[in-house]
There are 2 protein chains.
Amino acid sequence: MENLPEHFDSLFSVDCVIFGFDEGELKILLIERNEDPFKGWFALPGYFVEHTEAIETAAQRILYESTGLKGIFMEQFYTFGALGRHPQGRVITVAYYAMIRLTGNKEVAPLPTAHFAKRAVWMPVKDMPELAFDHSRIFRKSFEKIKNKISYQPIAFELLPEKFTLTQLQQLYEVVLNKKLDKRNFRKKMLAYDILKELDEKQKGVSYRAAKLYKFDKRKYIKNFQKELSFTR
Amino acid sequence: MENLPEHFDSLFSVDCVIFGFDEGELKILLIERNEDPFKGWFALPGYFVEHTEAIETAAQRILYESTGLKGIFMEQFYTFGALGRHPQGRVITVAYYAMIRLTGNKEVAPLPTAHFAKRAVWMPVKDMPELAFDHSRIFRKSFEKIKNKISYQPIAFELLPEKFTLTQLQQLYEVVLNKKLDKRNFRKKMLAYDILKELDEKQKGVSYRAAKLYKFDKRKYIKNFQKELSFTR
DNA sequence: CCAAAAGTGTTTGGCCTACACCCATGT
DNA sequence: ACATGGGTGTAGGCCAAACACTTTTGG
C-alpha cells in the first residue's frame, strides 16, 4: 500500500470489457497504460470507484471516458478480489461488459478525459496479447458469459449496425460461438422467431448480389417472448 | 460513517445465501441480527472481509461460522454496491450461494463463533419475511441464478441426501422451477442421462410402497458430459 | 382392505440436422 | 463470362409432451 493515489483507500475499482463487431471480427477496446504498474501494457479500461459513486455509475463513467458513449447497457458479471491481483495492494474490482455498435466508425474511442490511457485500440479478440493485472482472466470470464448469453438473449443486435444482413448476423454468432452454422437452418430459425423486420433496402457497395437488410424489431421480440429463447443449437 | 467497527474502512463484505432442501421444502439459512442496524431482523449470514483475506476465503469462513461446514462449493453470483444499501455508510458486498445437504439433521447451524448472530434458522423460502439491508434483493437474485443453473448443471444433488428417491429429486426440481413436472417423462429423461446409480436398497419408514434409492454418480457424469446438459424443460 | 405413493409405454408433433444448387450483381 | 456471395426446401431422426392405470406396502 505504499505509493498509490489517494483513491486507493477506496480499495475497489471497475473494469469494463467493451465488445464491438466490425469487418466480421469480434473486437474489444483496450487501453495502453501510461502509468505504473504495467506501464506500456494493454489493459481493460477501468478505474477506481469514488466513495460517493454507485458502481454502475462508475462503470458508465469509464465507458464514457473510453468511448464517448452514454447510456449503453452494461452488465456486471463478476468481482475479482484475489489477494495478489494488484501488485501494490488490495484492490477488488467489479467487472462489467458492454456491447457497442461500431457501424464502420471505428473512432468510437477514446476521449481525452480517459487520463488513465495513453491510447486506446479496438483489438481483435483473436489477436489479444497478455493483459495487465489479471485482466486476461477477466476477459476470458466475460467471453464465457456472452457466449452463453448470446444463445438465449438478443444481445447480438447490440453489436451489429442497425441495419444488417442475415449473413452478418450469422457471422457474429459463428465468431462468438466459435463454430460454423448451417446457412439455411440459421435463416429458417432466425426468421421463424419473427423478431426481425425485413427492410425494403439492400446492401450497397458490394461487388456481388446485394443482400436484403433487416432490423431487430424490439416490439415484436417483447411481444413474442417474455424473456427467453434459444438462438442457436 | 460515524460509529462502525474498525473493519469498516475495508468497505466490503460477503453475504451468503445458503440453500438446503428438507421435507420437500427449499430453505435458506438466516440469522437474526443482534447488532444495530436492523437489530432483531432476519438477514443473510455475512460479514466484513479482512484486508488480508481473499473473498472466497471470507465466504468459506462465514459459511463455517454459520453452519460448521467446510469445503462446500460456493459460487459468487453478484456484487451489490448501491449507495444507500448500508444505513451507516458505503459497504459493497460480494454475494455467494452454497447448497448443502441437510439430510434430516437440521442442526447444521450455527456455531457460537457466529458472533454476529443471535440465532440462526432454516427458513422455508416460501415463508421468508422482508430481510435486513437489501438482503431480500440479494436473495431474489440468487434464486434466479439457481433456477437457471439447475436446468443444465447437476447442482440438485448437492441439496439431496446422498441416497435419494426419484420422487425426491423431482420434488426438488418442481420447487426450484416452480412448476409441476410429468413423472414419467421426468424419470425417463433422468435415467436416460445415465448419471444415477441405482442402489440395492429401498426407502425405509414409509407407510406405503418403498421407493428405490439412487446415488448421483459423478464419474458417469463427467464421462458422459464434459460440461453441460439439460435437466428439465 | 384401504390409503398412499411407486412404477411403467406409447403416440404425436415439432424441431434440429444434413445437405446442393440456382440466382443476382459488379467488374 | 466469371467470381462472389445471396437465397432457397425437404426428408429423417430424435426428443419432448401428453396421458392413466396397475403394483406394492404399511397400518
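Sequence lines set the chain letters: A, B, ... in the order given, protein chains first and strands last, and positions in each chain run from 1. For the numbers below, each heavy atom of this structure counts, side chains included, while hydrogens, waters and symmetry mates do not.
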Rounded off to whole Å, could you give me the NZ-to-P distance for the B:Lys204 and D:dG27 pair?
-> 14 Å
Set of side-chain hydrogen bond (donor to acceptor under 3.5 Å, both in side chains) partners for B:Lys163, sequence neighbours left out | B:Glu201
B:Glu198 atom CD is separated from C:dT8 atom C1', nearest whole Å, by 13 Å
Whole-Å gap separating P (C:dC16) and CZ (A:Phe186) = 13 Å
Measure distances between side-chain N and O atoms of B:Asp182 and base N and O atoms of D:dA16, and say whether any donor-acceptor pair falls under 3.5 Å.
-> no
Whole-Å distance, B:Lys180 NZ to D:dA18 C1', equals 17 Å
Quick one: B:Lys188 NZ to C:dT10 P, roughly how many Å, whole number?
-> 10 Å
Partner set under side-chain hydrogen bond (donor to acceptor under 3.5 Å, both in side chains) for B:Ser136, not counting sequence neighbours = none
Only pairs at least two apart or in different chains count here, so list each salt bridge (charged side-chain N to carboxylate O under 4.0 Å, His left out) that has a residue in residues 167-178 of chain A.
-> A:Glu174-A:Lys180
Just jot down the side-chain hydrogen bond (donor to acceptor under 3.5 Å, both in side chains) partners of A:Lys126, sequence neighbours excluded, or say none.
-> A:Glu25
Ring centroid separation for B:Tyr78 and B:Phe80, is it under 6.0 angstrom?
-> yes
D:dG7 C1' sits how many Å from A:Leu213 CG, rounded?
-> 15 Å
A:Leu181 atom CG is separated from D:dG6 atom C1', nearest whole Å, by 17 Å
What residue pairs, at least two apart or across chains, pass side chain to side chain donor-acceptor pair (under 3.5 Å) with a residue in residues 202-212 of chain B?
-> B:Glu198-B:Lys212
Atom-pair distance (CG on B:Asn185; C1' on D:dC14), nearest Å = 14 Å
From C:dC16, D:dA18, D:dT8, nucleotide with atom closest to A:Lys189 side chain | C:dC16
So which protein nitrogen or oxygen atoms get under 3.5 Å of nucleotides 4-7 of chain C's nitrogens or oxygens?
residue	atom	partner	partner atom	Å
C:dA6	OP1	B:Thr167	OG1	3.0
C:dA6	OP2	B:Thr167	OG1	3.1
C:dA6	N7	B:Lys183	NZ	3.3
C:dA6	N3	B:Arg209	NH1	3.3
C:dG7	OP1	B:Lys212	N	3.0
C:dG7	OP2	B:Arg187	NH1	3.4
C:dG7	N7	B:Lys183	NZ	2.7
C:dG7	O6	B:Lys183	NZ	3.4

